[in-house]
A.B. asks: 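The structure follows.
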Amino acid sequence: MAFVIGGPGSGKGTQCENIAREFGYKHLSAGELLRAERAREGSSLGAIIEKVITEGSTVPSEIIAQLLEQAMREAGWSDSKFIVDGYPRSVEQLKGWDATLSKKVRFLFCLDLEVSEGEMRRRLLGRAATSGRLDDNEETIVKRFETFKAETGPLLDFFGSKGLLERVDGDRGVDEVWQDVRQRFQKVEDDA
Ligand code: AP5
């Protein structure tokens with residue numbers, strides 16, 4: 001399994017769909033898991049998820065860890081070809097992962113999509129008209145960028161220092177980015 005990390009609108013979901021389709025990975029998106037839980041009738045977590053997403057901050061780590069574990073269990077642990085998008089989002093979440101789920105699946109590397117804030121803002125505002133997302137608006141986008149820098153920045157530094165970070169320039173068109181991403185995952189297949 002691999003993590004895919006990057007700022008808001010960096011293209012994590014888009015590239016993870018490609019990875020899933022081409023290499024048979026199961027794509028698990030932290031944001032999608034949270035949005036599905038928020039929409040689930042009778043969920044006791046809906047209100048907190050809505051508040052946090054609207055504020056552009058991050059939900060308590062236990063919530064996302066629990067949703068992720070449930071999704072992995074449902075997908076079957078034996079198939080450990082998971083591509084996890086948007087988790088971990090902080091060093092604290094990585095510690096939680098190390099203490100629990102890391103024992104169940106084999107970690108390969110963390111892919112980091114590097115995109116400038118100007119480009120990410122353009123993409124998110126472009127999507128805003130049709131996404132219906134609570135967080136695709138100017139005010140929340142600014143907060144999402146701040147949260148990413150403060151919480152996820154140190155995590156990327158950590159993966160980098162361990163030699164576990166694969167950086168890809170995500171500031172290009174979808175297909176160009178995919179060529180680089182594809183190459184990283186093809187190498188894993190070739191080495192297996
Ligand atoms: P999440 O859903 O993960 O949001 P995000 O990180 O802000 O990322 P996005 O889903 O907006 O974008 P993306 O990088 O997937 O890009 P996409 O492919 O969609 O999380 C939402 C919220 O949930 C968080 O803010 C937080 O509150 C909470 N949360 C999530 N994970 C959490 C965690 N682990 N712990 C606690 N809380 C958590 O593309 C974006 C747009 O750009 C699309 O329109 C796409 O078509 C377009 N596009 C993509 N690539 C390109 C390209 N190369 N060129 C041009 N356009 C492109």
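Start at 1 and go down the list; that is how both ligands and their atoms are numbered.
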A.B. asks: Does a side chain donor of either D175 or Q179 reach within less than 3.5 Å of an acceptor in the other side chain?
C.D. replies: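 Absent: no donor and acceptor within the cut-off.
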A.B. asks: Within the distance-only criterion (no hydrogens, no angle test), does the side chain of S90 pair as donor or acceptor with the backbone N or O of E151 below 3.5 angstrom?
C.D. replies: no
A.B. asks: Should V188 and L28 be counted in the same cluster of Ile, Leu, Val, Met, Phe, Trp and Tyr side chains packed under 4.5 Å apart?
C.D. replies: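 The answer is no; the residues belong to distinct hydrophobic clusters.
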A.B. asks: Quick one: which ligand 1 atoms are inside 4.0 Å of a heavy atom on L124?
C.D. replies: 11 (O)
A.B. asks: Out of all atoms in ligand 1, which are within 4.0 Å of some heavy atom of G7? Include the element for each.
C.D. replies: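 Within the 4.0 Å cut-off of G7, ligand 1 contributes 14 (O).
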A.B. asks: Among protein heavy atoms, which lies nearest atom 12 (O) of ligand 1, and at what distance?
C.D. replies: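 Going by distance alone, atom 12 (O) of ligand 1 is nearest to G9 N, 3.1 Å.
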A.B. asks: Polar-atom distance check: T58 versus ligand 1, any N or O pair below 3.5 Å?
C.D. replies: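 N/O-N/O distance below 3.5 Å does not exist for this pair.
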A.B. asks: Report, in ascending order of atom number, the atoms of ligand 1 lying under 4.0 Å from any heavy atom of G13.
C.D. replies: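 Listed by number with element: 13 (P), 15 (O), 18 (O).
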A.B. asks: Heavy-atom contacts with R172 under 4.0 Å: which atoms of ligand 1 show up? List them by number with element.
C.D. replies: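 Selected atoms, number and element: 52 (C), 53 (N), 54 (N).
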A.B. asks: Set out, in order, the CA-CA distance, both residues' side-chain angles and the distance that settles salt bridge (charged side-chain N to carboxylate O under 4.0 Å, His left out) for E189 and R184, then state yes or no.
C.D. replies: CA-CA 9 Å; E189 300 290 314; R184 304 302 205 281; over 6 Å; no
A.B. asks: Give the residue and atom name of whichever protein heavy atom lies nearest to atom 33 (C) of ligand 1, and the separation in Å to one decimal.
C.D. replies: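 Here the closest protein heavy atom is R89 CD, 3.4 Å.
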A.B. asks: Around atom 45 (C) of ligand 1, find the nearest protein heavy atom and jot down its residue, atom name and distance.
C.D. replies: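 Result for atom 45 (C) of ligand 1: T14 OG1, 3.8 Å.
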A.B. asks: Let me check something: any side-chain donor-acceptor pairs from residues 106-116 under 3.5 Å, sequence neighbours excluded? List them with distances.
C.D. replies:
unit_1: E114; atom_1: OE2; unit_2: R167; atom_2: NE; d: 3.2
unit_1: S116; atom_1: OG; unit_2: E119; atom_2: N; d: 3.4
unit_1: S116; atom_1: OG; unit_2: D171; atom_2: OD2; d: 3.0

A.B. asks: Nearest protein heavy atom to atom 13 (P) of ligand 1, by residue and atom, and its distance?
C.D. replies: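 Among all protein heavy atoms, the one nearest atom 13 (P) of ligand 1 is K12 N, 3.5 Å.
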A.B. asks: Please list, in number order, the atoms of ligand 1 under 4.0 Å from a heavy atom of G11.
C.D. replies: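 This gives 13 (P), 14 (O), 16 (O), 17 (P), 18 (O), 49 (C), 50 (N) as the contact atoms.
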A.B. asks: Which residue supplies the protein heavy atom nearest to atom 22 (C) of ligand 1, what is that atom called, and how far is it?
C.D. replies: I53 CG1, 4.0 Å
A.B. asks: Out of R123, E119, M120, whose heavy atom sits nearest atom 56 (N) of ligand 1?
C.D. replies: R123
A.B. asks: Heavy atoms only, cut-off 4.0 Å: how does I64 contact ligand 1, side chain, backbone, both, or neither?
C.D. replies: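 For I64, only side-chain atoms sit under 4.0 Å from ligand 1.
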A.B. asks: Stepwise, does the salt bridge (charged side-chain N to carboxylate O under 4.0 Å, His left out) test hold for K143 with D135?
C.D. replies: CA-CA 9 Å; K143 292 185 190 148; D135 52 354; over 6 Å; no
A.B. asks: Name the one of Q15, E176, E166, Q186 that satisfies side-chain contact (heavy atoms from CB on, under 4.5 Å) with V181?
C.D. replies: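 Of Q15, E176, E166, Q186, side-chain contact (heavy atoms from CB on, under 4.5 Å) with V181 is met by Q15 alone.
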A.B. asks: Any atoms of ligand 1 less than 4.0 Å from a non-hydrogen atom of P8? List them with their elements.
C.D. replies: 5 (P), 7 (O), 8 (O)
A.B. asks: With a 4.0 Å cut-off on heavy atoms, does S57 reach ligand 1?
C.D. replies: yes
A.B. asks: Which pairs, with at least one residue in residues 43-52 and sequence neighbours excluded, count as a side-chain hydrogen bond (donor to acceptor under 3.5 Å, both in side chains)?
C.D. replies: E37-S43, R38-E50, K51-E55
A.B. asks: So, 4.0 Å and heavy atoms of G56: is ligand 1 close enough to count as a contact?
C.D. replies: no
A.B. asks: For V59, counting its heavy atoms only, list the atoms of ligand 1 lying under 4.0 Å from any of them.
C.D. replies: 36 (C), 37 (N)
A.B. asks: Where's the contact between L34 and ligand 1, heavy-atom distance under 4.0 Å: side chain, backbone, both or neither?
C.D. replies: side chain
A.B. asks: Could you say whether the N/O atoms of A30 and ligand 1 ever approach to under 3.5 Å?
C.D. replies: no
A.B. asks: Checking contacts here: is it the side chain or the backbone of R35 that comes within 4.0 Å of ligand 1, counting heavy atoms only? Could be both or neither.
C.D. replies: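 R35 to ligand 1: side-chain contact only, backbone stays beyond 4.0 Å.
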A.B. asks: Would you mind listing which atoms of ligand 1 come within a distance below 4.0 Å of any non-hydrogen atom of R133?
C.D. replies: 1 (P), 2 (O), 4 (O), 9 (P), 10 (O), 11 (O), 21 (C)
A.B. asks: Any atom of ligand 1 sitting under 4.0 Å from a heavy atom of E17?
C.D. replies: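 For ligand 1, residue contact (heavy atoms, under 4.0 Å) with E17 is absent.
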A.B. asks: Contact between S61 and ligand 1, counting heavy atoms under 4.0 Å?
C.D. replies: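 Per 4.0 Å heavy-atom rule, S61 does not contact ligand 1.
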A.B. asks: Would D135 count as a polar contact of ligand 1, with the cut-off being nitrogen or oxygen pairs under 3.5 Å?
C.D. replies: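 For ligand 1, there is no N or O atom that lies under 3.5 Å from one belonging to D135.
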A.B. asks: Using a heavy-atom cut-off of under 4.0 Å, does the side chain or the backbone of Q15 touch ligand 1, or both, or neither?
C.D. replies: neither
A.B. asks: With a cutoff of 4.0 Å, is E32 in contact with ligand 1, counting heavy atoms of the residue only?
C.D. replies: no
A.B. asks: Please work out which of R127, E92, R144 has its closest non-hydrogen atom nearest to atom 43 (C) of ligand 1.
C.D. replies: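 The residue whose heavy atom sits nearest atom 43 (C) of ligand 1 is R127.
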A.B. asks: Which distance, rounded to the nearest 0.5 Å, do you find between the CG of D136 and the CZ of R144?
C.D. replies: 5.0 Å
A.B. asks: Evaluate the ring planes of F3 and F159, with Trp represented by its six-membered ring, and classify them as parallel (under 30°), tilted (30 to 60°) or perpendicular (over 60°).
C.D. replies: tilted
A.B. asks: Return yes when G6 approaches ligand 1 closer than 4.0 angstrom through a heavy atom, no otherwise.
C.D. replies: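 Distance cut 4.0 Å: G6 fails for ligand 1.
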A.B. asks: For ligand 1, find out whether one of its N or O atoms is nearer than 3.5 Å to an N or O atom of Q93.
C.D. replies: yes
